[in-house]
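Single-structure report; data block below.
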Amino acid sequence: MKRWAFLLVILGLLAGCAPVKETPPPAEMVFMAGYKPQANLPFVGVYVAQEKGFFAEENLTVRIEHSPGGGEHLQLTATGKVDVTTQDAAVLLKRRADPGLPLVSFALIGQRGQQAYAALAESGLQSPKDWEGRLVGYKGTPPPDLLALMKLAGVDESRVELVNVGFDPRLLAEGKVDVYPVYKSNEPYLLRQWGYEVTLWDAADFGVPTLGLTYVTSDQVLAEKPEMLARFLRAALKGIEYAQAHPDEAVQVVLKYAGPETDADHMRYMLESELAEANSSAPEWKGVGWQTAEQWQSLADMLTEFEAMPAVDVETVFTNQVWEAAQQPLK
């Protein structure tokens, strides 16, 4: 009996001396939103993940920054100063093709493009064919989706006067142009707040392949830190899911970043608009963030057709590797 007691004591001492597995320190990374703080859905996913502790659950420390809006976020990501950013899919394709930035989408959040074309409802314009003989605005340069929309809608482009209108929707309200390019989750809200009902034309409704915002990283970070990206995406997608279930709380989180002077109703409109466009009815679609070669190839073909960019291998522009890893349970 004494012998067994002695053995139990020895085993207990050995168990007590066994090495304790320590949790590694949190991985540190930088996320830079592609624009100022607002309720763009990829931004919201990150804001909520930060505030609800989803990144902490993934053993991540995420520093959130915002781009000034001049495209710096892409250069910073390409050079490794930023780990993850956001970018419109069409712009990402063009920057990958020329000047060849080593950037890749690892989650497609917006299943449709962000932009549409608006007219005041009182104008009586019913279809793009009615644009003939009118002033149609664009921001910067005529975007390929506008040219594709007019072609597919049978518009005689020679009878449309295209004008650069910049970023002031008051030009539409004041009758300076007949059709104004809008971000669907933004300017329609402002115009309605000013008392104007609007008619919207979305290029995707006419068969134009368009895609929205993506989470973007560099080729190097993808190759060297795929597990970190998977942990980031798992938390961000959880943030998006939480925002969909708790939109009022999500808006309050946005205001923490955007400032108390920001219009909460505007942010709610933006969030709800982008949540509606984050889902797809395509049979091959597997969930928020999923993307396909067919989507990217269709978009690339449209962009090259309208001479917006040289040809590019779309397999270099996106990956589902991170999304698939993010579907695995947290370890």
Side-chain angles (χ1 to χ4, degrees), residues 87-98 105 108 110-121 123-167 169 171-172 175-188 191 198-214 273 276-277 280-282 284-285 291-314 317-318:
Q87 186 55 66
D88 177 82
V91 174
L92 178 62
L93 267 169
K94 288 186 279 188
R95 297 297 177 268
R96 182 85 198 201
D98 181 20
S105 162
L108 173 64
Q111 292 288 311
R112 292 161 68 101
Q114 301 177 83
Q115 192 160 267
Y117 299 91
L120 298 182
S123 71
L125 300 181
Q126 298 296 316
S127 76
K129 279 290 290 181
D130 297 332
W131 297 359
E132 294 176 0
R134 305 288 187 132
L135 291 173
V136 174
Y138 61 85
K139 297 171 180 175
T141 58
D145 66 301
L146 172 60
L147 303 178
L149 167 59
M150 290 196 294
K151 178 181 177 181
L152 289 172
V155 178
D156 183 349
E157 188 178 336
S158 67
R159 297 187 57 199
V160 174
E161 185 176 352
L162 297 176
V163 294
N164 188 352
V165 293
F167 294 85
L171 294 176
L172 180 64
K176 303 289 180 61
V177 292
D178 300 294
V179 178
Y180 185 85
V182 298
Y183 287 102
K184 291 178 286 186
S185 64
N186 190 12
E187 289 101 333
L191 287 160
V198 294
T199 300
L200 292 178
W201 295 277
D202 187 337
D205 291 335
F206 293 83
V208 179
T210 64
L211 298 174
L213 287 173
T214 66
S273 299
E277 305 234 304
S280 171
S281 59
E284 68 276 14
W285 190 69
Q291 49 198 333
T292 69
E294 290 74 20
Q295 288 175 301
W296 284 95
Q297 190 62 61
S298 295
L299 179 59
D301 290 344
M302 186 270 289
L303 293 174
T304 53
E305 177 183 353
F306 291 94
E307 300 181 344
M309 65 170 223
V312 63
D313 179 4
V314 298
V317 184
F318 85 99

Verdict with reasoning, Tyr138 to Val165, per side-chain contact (heavy atoms from CB on, under 4.5 Å): CA-CA 6 Å; Tyr138 61 85; Val165 293; 5.9 Å; no
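- Formation of a donor-acceptor pair under 3.5 Å by the Asn164 side chain with backbone atoms of Lys139 is not found in this model.
- Between Ser298 and Pro209 the shortest heavy-atom distance is O-CG, 3.3 Å.
- Proximity of a side-chain donor or acceptor of Asp178 to a complementary backbone N or O of Leu135 within less than 3.5 Å is detected.
- One finds the CD atom of Glu294 at 13.5 Å from the CG atom of Leu299 (value rounded to the nearest 0.5 Å).
- Considering all non-hydrogen atoms of both residues, Ala97 and Val312 come closest at CB-CB, 3.9 Å.
- Between atom CG of residue Leu152 and atom CG of residue Asp205 there is a gap of 12.0 Å, rounded to the nearest 0.5 Å.
- Of all heavy-atom pairs between Gly154 and Glu132, the closest is O-OE2, 4.0 Å.
- Considering CD of Gln111 and OG of Ser281, their distance stands at 9.5 Å, rounded to 0.5 Å.
- In terms of heavy atoms, Glu277 sits closest to Gly113 at OE1-O, 3.7 Å.
- Here the OG1 atom belonging to Thr141 is positioned 10.5 Å from the CG atom belonging to Leu146, to the nearest 0.5 angstrom.
- Side-chain contact check for Gln295 versus Trp285: every heavy-atom pair is 4.5 Å or farther apart.
- Among Leu200, Leu125, Val179, the one residue that satisfies the side-chain contact (heavy atoms from CB on, under 4.5 Å) test with Tyr117 is Val179.
- Between the side chain of Lys129 and the backbone N or O of Ala153 there is no donor-acceptor pair closer than 3.5 Å.
- Residues Arg112 and Lys184 are in side-chain contact: their nearest non-hydrogen atoms beyond the backbone lie under 4.5 Å apart.
- Taking a cutoff of 4.0 Å between a charged side-chain nitrogen and a carboxylate oxygen, Asp88 and Lys94 do not qualify as a salt bridge.
- Looking at heavy atoms from C-beta onward, Pro169 lies out of side-chain contact with Val182 at the 4.5 angstrom threshold.
- Residues Glu157 and Trp131 have side chains not in contact (no heavy-atom distance under 4.5 Å, counting atoms from C-beta outward).
- Nearest heavy-atom pair across Trp201 and Ser127 is NE1-CA, 3.6 Å.
- One distance of note links CG of Leu191 with CG of Leu120; it measures 7.0 Å at 0.5 Å rounding.
- Residue Pro181 comes nearest to Glu187 through the heavy atom pair O-OE2, 4.3 Å, listed as atom of the first residue, atom of the second, then distance.
- Rounded to the nearest 0.5 angstrom, Met150 CE and Leu162 CG are separated by 5.0 Å.
- Classified by interplanar angle (parallel below 30°, tilted 30° to 60°, perpendicular above 60°), the ring pair Trp296/Phe318 is parallel.
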Distance-only check: which donor-acceptor pairs under 3.5 Å involve side-chain atoms of residues 302-311, not counting sequence neighbours?
residue : atom : partner : partner atom : Å
Thr304  : OG1  : Ala300  : O            : 3.0
Thr304  : OG1  : Asp301  : O            : 3.0
Glu305  : OE2  : Lys151  : NZ           : 2.6

